[in-house]
Amino acid sequence: MKAMKLNNPSIPLSKGDEKKSTFKFIISEFKPKGKLLTPFNIISIPIIITGVILIVIRFINGIGSVTNLTQEVPWGLWIGFDVVTGVAFAGGAYVLTFMVYILNLHKYHSIVRVTVLNGFLAYVFYAGALLLDLGRPWNVINPIIGNDFGTSSVLFLVAWHFLLYMIAELIEFSPAVAEWLGAKRARKFLSGMTIAAVIFGITLSTLHQSGLGALYLMAKDKIHPLWYSEFIPVLFLISSVFAGLSMVIFEGSISHKVFFNQISKKNHDAQNGIVLGLAKICAAAMFAYLFMQLLVFIHGKRWDLLNTTMGYWYLIEMIGFVILPMMLYVYSYKKKNITLVKVAAIITMLGIILNRLNVTVIGFRWDAAIRYIPTWMELVVTLTVIFTEIWIFRWVINRMPVLSESPAWVNEKK
Amino acid sequence: MSINRRDFLKTAGVIGVSLTVGDSFAAVKNKGAEVEFHGILYDSTRCVGCLTCETVCAEANKLSAPIGEPKPGVLRKTDEKHNTIVNCYKTSKGEVFIKTQCMHCNEPACVAACLTKAMYKTKEGPVIWRGNKCMGCRYCMVSCPFDVPKFEYHSSNPKIQKCTMCFEKIQKGGIPACAENCPAEAIKFGTRRELLKEARKRIVENPTTYIDEIYGDHTAGGTGFLYISSAPFNELGINTKLQNKSYPELSKGFLFSVPTVFVVLPTILLGIYEATKKNQFNESNEIE
Ligand code: SF4
Ligand code: SF4
């Protein structure tokens, strides 16, 4: 596989230069492309360095040395934001693969790869964040090797699904890697597995997106009743649809600026149609979500809770971050206003962050005498995770045919 | 390719089912009648707040000696260095002492939560923690309705700490350190069935002393640790709002739906895929 690419003229390097040896090829690919002193680099590099130092301290002195976690609130920002919120945002991958590969909506094909890449990296990094939060990470292998299979645990299910889903996404993305390396036969083989991986991946996603909510089912007495119901899994699943797609819209609008030169004219022009289509789906999903929330609210007879501080907070979430962006999506779709779609996407994403944190952190032990408030160090580590992910994302985009067109030989063979 | 796909789905289905159905709830419930669950009956009317139990517990588990003493208005809490704590409350029946520790639930939330079975309900009744399995995820802490498991946040090799009902001593035929040493005989070890009988007897024989309730009889699906008291339990800092259903019951519905989803959803997806496949040739050739 590697031998093939050496003298293959169609290596899709953006600069197009040929390489002498595998080793040199790999080394040269690690060199940054483009300017080093961009605003993003200037902000992210010091944060990543600080984050790495904090992670070292965390492993030497224990989790308590960098976090504010307590005996009552054992899961904080790293789980509530990095894992639970991050995975919701990564939901775009399963929704889009469903639309493109299962429903065969070709319109969205040009953004599938970048979304799957994003999803894959998100899982790798958020699962990584999970490792930071484990007190005894050397035992992380136990539920996989069977020491022991805690099959009655929702977390067992989620952990396995994370692992399997990463594999599924890697398979879905692998043709791009093969194209980068110029491995024709491998590409053919790998793309033959796409549909199976997609079906498997969607099933896994359905279960672990809802599973992340189901994790909190046993914490019935600890979560504020406005956010706790037996329907958390369903709410998490539905909201992951518009969380993921809003992320796709948001990320797409940035990519189209930053990686402008990589995107073909055809795909640039198609982008607006794609964005509007996604806006419509988001609006529909949000409507279903709202309806579900309303049912849960009425079913739970929660009227008297509204007139409390937490009640107002709940109303802010529902009105400001669900109803408002939903209407914005509808309006911008009707008016074909791309800017407004992006605004709606950002508000929706803030709403998802709010919702996930309300369940996992803010509403968790809301009545505790000492509230958990994350330390600056937890924030820096979280940012480190996000920034490192973006670095890798950028590295891949600049090398593999993700946003750019596949090399010519891919279509030749058909 | 279509054969590959089908095989793949079949394998996926099998993995899914075996991963998720398993012996889930059988493991949590005590089915075998050979060994009975053991427990502890704590009688707050006898407790004198001498802290002997705290002291011997610390010795037995190599933890720290008690800090402070029970006083009304002071809430001491169990932590990673103290598995049991005795507090004092001013109640409608005067000052009453109350001991807290793991409840050793019949169907423990912590055990259902643990993805490695590090938290383990022994057939003798005590709920124990096994360090060679635990990965320190703290999901047991999130799930336990009594906030019992504690985590060593300041260790690079942290353990989960909680009362184990001195399981190792029990296995050798002994009884828990607290029950063994309580000078007021407020802590009684035995099988859960005997203890419930004993508790009812005390209540019936002294109806003016005790309130007519055994805490732990039904709460959270029944617990191994049982309380009787002269004052209502909500005056003693005990959470009386917990449900009587067991806590693992709450996520059961979700877990039971998983195998179904794993079989039905791929089938549906495959069906839609086959149905929409022809679009593929009509509109574009760029499908992989
Ligand atoms: S009280 Fe908590 S830690 Fe103890 S057995 Fe019950 S659920 Fe587990
Ligand atoms: S912290 Fe350990 S004992 Fe608790 S649920 Fe996680 S693996 Fe199990």
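All values derive from a computational prediction rather than experimental measurement. Every chain is numbered from 1, with letters handed out A, B, ... down the list of sequences.
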Measure [X] against the heavy atoms of chain B and call it side chain, backbone, both or neither at under 4.5 Å.
| X | answer |
| --- | --- |
| A/Pro233 | side chain |
| A/Glu230 | neither |
| A/Leu215 | both |
| A/Ile102 | both |
| A/Val112 | neither |
| A/Ala219 | both |
| A/Arg58 | neither |
| A/Asp133 | both |
| A/Thr206 | side chain |

Sort out for me which of [options] touches chain A most, counting heavy-atom pairs under 4.5 Å.
| options | value |
| --- | --- |
| B/Ser257, B/Cys144, B/Gly271, B/Ala118 | B/Cys144 |
| B/Cys137, B/Ala113, B/Pro145, B/Cys134 | B/Cys134 |
| B/Met141, B/Met135, B/Met119 | B/Met135 |

Going by atom types alone, do [X] and [Y] pair a side-chain donor with an acceptor below 3.5 Å?
| X | Y | result |
| --- | --- | --- |
| A/Asn142 | B/Lys133 | no |
| A/Asn104 | B/Thr276 | yes |
| A/Ser264 | A/Glu405 | yes |

If you count the non-hydrogen atoms of other residues, nucleotides and ligands that lie under 6.0 Å from CZ in A/Phe189, is the total more than 12? no

Ring-face cation contact, B/Phe37 with B/Lys121, 6.0 Å cut, 45° max: yes

B/Arg130 charged N/C atom sitting above B/Tyr120 aromatic ring, 6.0 Å / 45°: yes

In terms of heavy-atom pairs under 4.5 Å with chain B, which of A/Leu134, A/Val158, A/Val198 leads? A/Leu134

Leading residue by heavy atom contact count with chain B [cutoff under 4.5 Å; candidates A/Leu155, A/Thr67, A/Leu130]: A/Leu155

Any chance you could lay out the salt bridge (Lys or Arg N to Asp or Glu O under 4.0 Å) test for B/Lys241 and A/Asp221, step after step, and finish with the verdict? CA-CA 9 Å; B/Lys241 294 204 190 86; A/Asp221 312 292; over 6 Å; no

How would you list, in number order, the residues of residues 73-84 of chain B that have a heavy atom less than 4.5 Å from chain A? B/Lys77, B/Glu80

Which class fits the ring pair B/Phe151 and B/Tyr153: parallel under 30°, tilted 30 to 60°, perpendicular over 60°? perpendicular

Do the ring centers of B/Phe225 and B/Tyr227 come within less than 6.0 Å of each other? yes

I want to know whether A/His161 and B/Phe262 have ring centres closer than 6.0 Å. yes

Check whether any side-chain heavy atom of A/Asn68 sits under 4.5 Å from a side-chain heavy atom of A/Glu378, and report yes or no. yes

By the ring pair (Phe, Tyr, Trp, His ring centres under 6.0 Å) test, which pairs, at least two apart or in different chains, include something from residues 60-80 of chain A? A/Trp75-A/Tyr216, A/Trp75-B/Tyr139

Which region of B/Thr116, side chain (C-beta onward) or backbone (N, CA, C, O), has a non-hydrogen atom less than 4.5 Å from a non-hydrogen atom of chain A, or is it both or neither? both

For A/Arg113, the option from A/Glu172, A/Glu169, A/Glu179 that meets salt bridge (charged side-chain N to carboxylate O under 4.0 Å, His left out): A/Glu179

